[in-house]
Amino acid sequence: MSMLLTSTHIRIREPLACQGPCGPLAEAAKRGEIELKALARGCYPGEPLPEEALPGLRSVGYWDAKNPQTWGLGWHRHEGLEIEFQETGKMFFAVDHQPPYWVDSGQLTLTRPWQMHRYGSPNLEVGRLHWIILDVGVHYPNQVWKWPSWLVLTPEDLQTLTYLLRWNEMTVLQADRAVRQSFLKIAEAVETESEDKRISRLAVRINELLLNLLELLQKEVVELDENLSSSSRATELFLKSLQEDQNAMRHPWTVRTMAAACGIGTTQFTTYCKLHTNQSPAEFLRKIRLEAAKELLEQSAWTIGQIAQECGFGSAEYFATTFRSEYGLSPKLYRQQTEKQTAFIAPGK
């Protein structure tokens, strides 16, 4: 399977800026277009969680949209397992390359850390949506899940839950009464004014939710696919993330660190990389960085140094040398030629 970088993968933004996946949600809440109640860490919107409280919990809360929205959440990937419950209304939801869904009231969505997903077509509908994002220490399906230490489910139950979540990519399922009640209780905990009581209640309610989710999955007919946890699949997802995530692309990767990110050895990683891209890891990384840099030269006013940094080249000099070797001219000359070609195109042609 060949993987080629397209213009849809390039996201023009300020270099090194922290832009959370839920920026449009935060902005809508500020404008008063949506009610947002959430506790969060990092770039997620909501009231900050205390640093020492419930490690691994990245975001928990709900939004309530009384009117159709003028925004949606584009393609993104979270660093944890995301469980969502559509209490009322409906939502257009798409994940990876699967057919999109209309998630109806009373349904759950499950998104694993390696799955790209989006909400809205392109905008969101009326509805009340609950969610929780838990960091389980993985980015690819073949890695070992590390659940937060404050969970009280038995090791056997956590092992079964991991198994059911890891080896299937069921995305939408019908919630039962127990799961629904767990999300409503979590919402009440988020709204609790006393910080100590809020954290204690959240810990209890989240444990309850995971136990109810386990029982729901055990009742469902779940088609398991062990290929989803294979080294080949992990390599494929990792290479895809390099194309789609500018932060991942500019990381100072080596073959060893790329293989380690997939949880496999360098020889095996190199073999699977060639299988999926027909290129060595170094060739693939260099190619997608150069393609990204080319688009920035064409579409932005950034300096050569900024583009070099944004696309993961160690220096402007190394970027220029690599670019000239690939395309036969310097980045500066390529930009000049592109500008001249654009100027010669008559309006409306």
Task: Side-chain ion pair, Arg201 and Glu188, N-O less than 4.0 Å - done: no
- [ ] Sorted by first residue and then second, give each salt bridge (Lys or Arg N to Asp or Glu O under 4.0 Å) pair with at least one member in residues 136-157; sequence neighbours left out.
- [x] none
Open item on the list: Treating Ser200 as the side-chain partner and Lys197 as the backbone partner, does any N or O pair qualify as donor plus acceptor under 3.5 Å?
Closed with: no
Open item on the list: Checking the side chain of Gln69 only, and the main-chain atoms of Trp71 only, is there a donor and an acceptor separated by less than 3.5 Å?
Closed with: no
Task: salt bridge (charged side-chain N to carboxylate O under 4.0 Å, His left out) partners of Asp176, counting only residues at least two apart - done: Lys219
Open item on the list: Suppose we screen for ring-ring contact (aromatic ring centres under 6.0 Å, His included). Which residues come up paired with Trp145, at least two apart in sequence or across chains?
Closed with: Trp147
Task: Which residues share a ring-ring contact (aromatic ring centres under 6.0 Å, His included) with Phe183, sequence neighbours left out - done: Phe85
Open item on the list: Under the side chain to side chain donor-acceptor pair (under 3.5 Å) definition, can you give me all pairs with a residue in residues 262-273, not counting sequence neighbours?
Closed with: none
- [ ] Please list all pairs passing the salt bridge (Lys or Arg N to Asp or Glu O under 4.0 Å) test where one or both residues lie in residues 26-49, with sequence neighbours left out.
- [x] Glu27-Lys30, Arg31-Glu33, Glu47-Arg198
TODO: Give a yes or no answer on whether the side chain of Gln115 reaches the backbone of Arg112 with a donor-acceptor pair at less than 3.5 Å.
DONE: yes
- [ ] Output all residues satisfying salt bridge (charged side-chain N to carboxylate O under 4.0 Å, His left out) with Arg58, sequence neighbours left out; order by chain, then residue number.
- [x] Glu79
Task: Main-chain N/O of Ser194 paired with Thr192 side-chain donor or acceptor, under 3.5 Å - done: no
TODO: Using distance alone, with no hydrogens and no angle criterion, decide if Tyr334 and Glu339 have a side-chain donor and acceptor under 3.5 Å apart.
DONE: no
Open item on the list: Run the side-chain contact (heavy atoms from CB on, under 4.5 Å) test against Ser182 and tell me which residues pass, sequence neighbours left out.
Closed with: Glu208, Leu209, Asn212
- [ ] Measure the acute angle between the ring planes of Phe319 and Phe323, then classify it against the limits of 30° and 60° as parallel, tilted or perpendicular.
- [x] perpendicular
- [ ] Check Phe238, Phe269, Phe284 against Trp253 for a ring pair (Phe, Tyr, Trp, His ring centres under 6.0 Å) and give me the one that passes.
- [x] Phe238
- [ ] State which residues pass ring-ring contact (aromatic ring centres under 6.0 Å, His included) with Phe93; sequence neighbours excluded, sorted by chain then number.
- [x] Tyr119
Open item on the list: Quick check against the 3.5 Å criterion: does Gln107 have a side-chain atom that pairs as donor or acceptor with the backbone of Val172?
Closed with: no
Open item on the list: What's the separation between atom CD1 in Ile132 and atom CD1 in Ile83, rounded to the nearest 0.5 Å?
Closed with: 6.0 Å
Open item on the list: For the backbone of Gly120 and the side chain of Arg118, can you confirm whether one donor and one acceptor N or O come within less than 3.5 Å of each other?
Closed with: yes
- [ ] Scan for ring pair (Phe, Tyr, Trp, His ring centres under 6.0 Å) pairs involving residues 194-220, sequence neighbours excluded, and state none if there are none.
- [x] none
Open item on the list: So, taking the atom named CG in Asn67 and the one named CD1 in Ile34, what distance separates them when rounded to the nearest 0.5 Å?
Closed with: 10.0 Å
Open item on the list: With side-chain contact (heavy atoms from CB on, under 4.5 Å) as the criterion, how do Leu184 and His130 come out once you've worked through the C-alpha distance, each side chain's angles and the decisive distance to 0.1 Å?
Closed with: CA-CA 8 Å; Leu184 297 182; His130 302 254; 4.1 Å; yes
- [ ] Return the set of residues passing ring-ring contact (aromatic ring centres under 6.0 Å, His included) with Trp150 (not counting sequence neighbours), or none when no residue passes.
- [x] none
TODO: Could you list all the salt bridge (Lys or Arg N to Asp or Glu O under 4.0 Å) pairs where at least one residue sits in residues 120-144, not counting sequence neighbours?
DONE: Asp64-Arg128, Glu87-Arg128
